[in-house]
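Heads up: the structure comes next, in structure tokens.
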Amino acid sequence: MTPLPLHDYRNIVLLTGAGVSAASGLGTYRGPGGLWEQADIARIADARNLPGTLPDLWRLYSGRRQKALDAGPNTAHAAIANLQKRWEQDGSGTVTLFTQNVDGLHQRAGSPEVIELHGSAFMTRCTRDDCSLVPFRDESAYEAVPACPECGSPLRPAVVLFGETLAEAALERAGHALQTCDLFIAVGTSGVVWPAARFAAIASHSGARTVLVNLEKMNPPDPSFDEEYLGRAEEILPVLLDCPGV
Ligand code: OAD
């Protein structure tokens, strides 16, 4: 395997999924041992079951917060952060990083900007949409559902649940970045959850070279990818992005 000729490209878009954090000890969602195999998870992670599921939702995310805090970024996160910083310094173009992960590991690896499509396990917000409480950074693990200091309504993790739409700003950013990129790299994602599942198709339609780095082939295959590197992201990315020392 040889590094990608990155200087041939001006605008690079990266999309990461749970596989990028696998080497950090955080489980993926699908597949054997994945989060979605846990009993009752489909009910808990569905916004249509709120507010009754809030105690379970907090139990789930308090646990996920703790696991992510105990974990550390791996060489895949580091290679991406390194690329972003190099591009920033050279002024060679843009590197826009989108993640479906909520674990904060890209930021801890030093990524200067991360667009968190599914929110963050470390942000808390009020369940009342018209409440004045600004979503805040929160590493606490809660035994009981916490109450909003502004209006007394229950608080919730600021993550996107099934049945909810992604933040408008993130979607706009994705639309622009994908239509103007000339290299698109997806890493560690099964490619089944929308809208991120469509990113490769949009980038390909815009004329970008499209690359998949994943442990296994997508199922069903996504014909939008020009090439695939099958294996561990933590081994492939340092070579592909030419950051062997990370
Ligand atoms: P998935 O669990 O669906 O897919 C993870 C992918 O990573 C799989 O294809 C694995 O083969 C691959 N993988 C595992 N270890 C890897 C490694 N070391 N290197 C490279 N690839 C590896 O996770 P996502 O695609 O991220 O959304 O899931 C997307 C969304 O589905 C999540 O953000 C979550 C979930 O429902 C919400 O909760 C809203």
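Both ligands and their constituent atoms are indexed starting at 1 by order of listing.
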Atoms in ligand 1 flagged as close to Gly188, the criterion being non-hydrogen separation under 4.0 Å:
5 (C), 6 (C), 7 (O), 21 (N)

List the steps, then state whether side-chain hydrogen bond (donor to acceptor under 3.5 Å, both in side chains) holds for Asp226 with Thr210.
CA-CA 5 Å; Asp226 297 323; Thr210 49; 3.2 Å; yes

Given Trp36, Tyr229, Tyr29, which has its nearest heavy atom closest to atom 2 (O) of ligand 1?
Tyr29

Does Ala76 have a non-hydrogen atom less than 4.0 Å from ligand 1?
no

Given the rule in the side-chain hydrogen bond (donor to acceptor under 3.5 Å, both in side chains) test, do Tyr9 and Arg209 qualify, once you have shown the distances and angles that lead to the verdict?
CA-CA 9 Å; Tyr9 303 100; Arg209 177 178 177 182; 2.9 Å; yes

Does Arg43 CZ have over 12 foreign heavy atoms under 6.0 Å away?
yes

Just which atoms of ligand 1 are under 4.0 Å from any heavy atom in Ala22?
15 (N), 18 (N)

Short list, please: which atoms of ligand 1 are under 4.0 Å from a heavy atom of Ala18?
23 (O), 24 (P), 26 (O)

Among non-hydrogen protein atoms, atom 18 (N) of ligand 1 lies closest to Glu234 OE1, 3.1 Å

Within ligand 1, which atoms have a heavy atom of Ala233 less than 4.0 Å away?
17 (C), 19 (N), 20 (C)

Which residue owns the protein heavy atom closest to atom 16 (C) of ligand 1, what's the atom, and how far is it?
Gly19 O, 3.5 Å

Give the C-alpha distance, both sets of side-chain angles, the deciding distance and a yes or no for side-chain contact (heavy atoms from CB on, under 4.5 Å) between Asp90 and His7.
CA-CA 11 Å; Asp90 296 6; His7 282 284; 3.4 Å; yes

Protein heavy atom at shortest distance from atom 30 (C) of ligand 1
Val193 CG2, 3.7 Å

Numbered in order shown, the ligand 1 atoms found under 4.0 Å of a heavy atom of Gly17 are 26 (O)

Where on Val160 is there a heavy atom closer than 4.0 Å to ligand 1, on the side chain, on the backbone, on both, or on neither?
backbone

Which residue holds the protein heavy atom closest to atom 25 (O) of ligand 1, what is that atom called, and what is the gap in Å?
Thr189 OG1, 2.7 Å

For atom 11 (O) of ligand 1, which candidate among Met218, Glu116, Gln100, Glu216 holds the nearest heavy atom?
Glu216

Atoms of ligand 1 close to Arg232 [distance to a heavy atom under 4.0 angstrom, numbered from 1]:
19 (N)

Evaluation steps, side-chain contact (heavy atoms from CB on, under 4.5 Å), between Trp58 and Arg65
CA-CA 10 Å; Trp58 270 118; Arg65 275 181 181 177; 3.7 Å; yes

List every atom of ligand 1 that sits less than 4.0 Å from any heavy atom of Phe162, numbering the atoms from 1 in the order shown and giving each element.
36 (O)

Assess the residue pair Glu116 and Arg173 against the criterion (salt bridge (charged side-chain N to carboxylate O under 4.0 Å, His left out)); give the C-alpha distance rounded to whole Å, side-chain angles, the decisive distance to 0.1 Å, and a yes or no.
CA-CA 11 Å; Glu116 296 174 304; Arg173 192 72 197 279; over 6 Å; no

Return the minimal non-hydrogen interatomic distance between Glu113 and Gln84, and the atom names on each side.
O-NE2, 2.9 Å

Just need the protein heavy atom nearest to atom 28 (O) of ligand 1, so name the residue and atom and give the distance.
Arg30 NH1, 3.3 Å

Identity and distance of the protein heavy atom lying nearest atom 33 (O) of ligand 1
His118 ND1, 2.8 Å

Could Arg86 and Glu88 be called an ion pair, given the rule that one side-chain N must be under 4.0 Å from one carboxylate O?
no

Pair Ser21-His77, side-chain hydrogen bond (donor to acceptor under 3.5 Å, both in side chains): steps then yes or no:
CA-CA 8 Å; Ser21 297; His77 299 104; 3.2 Å; yes

Could you list the atoms of ligand 1 found under 4.0 angstrom from a heavy atom of Gly231?
19 (N), 20 (C)

Tell me which protein heavy atom sits closest to atom 1 (P) of ligand 1, plus the residue, atom name and distance to 0.1 Å.
Ser190 OG, 3.6 Å

Apply side-chain hydrogen bond (donor to acceptor under 3.5 Å, both in side chains) to the pair Thr16 and Gln100, showing each step before the final yes or no.
CA-CA 6 Å; Thr16 64; Gln100 300 168 88; over 6 Å; no

Would you call the rings of Tyr29 and Trp36 parallel, tilted or perpendicular, taking 30° and 60° as the class edges?
tilted

Nearest-contact summary for atom 21 (N) of ligand 1 - protein heavy atom, Å
Leu215 N, 3.1 Å

side-chain contact (heavy atoms from CB on, under 4.5 Å) for Leu4 and Ile185? Distances and angles first, verdict last.
CA-CA 11 Å; Leu4 291 169; Ile185 308 172; 3.9 Å; yes

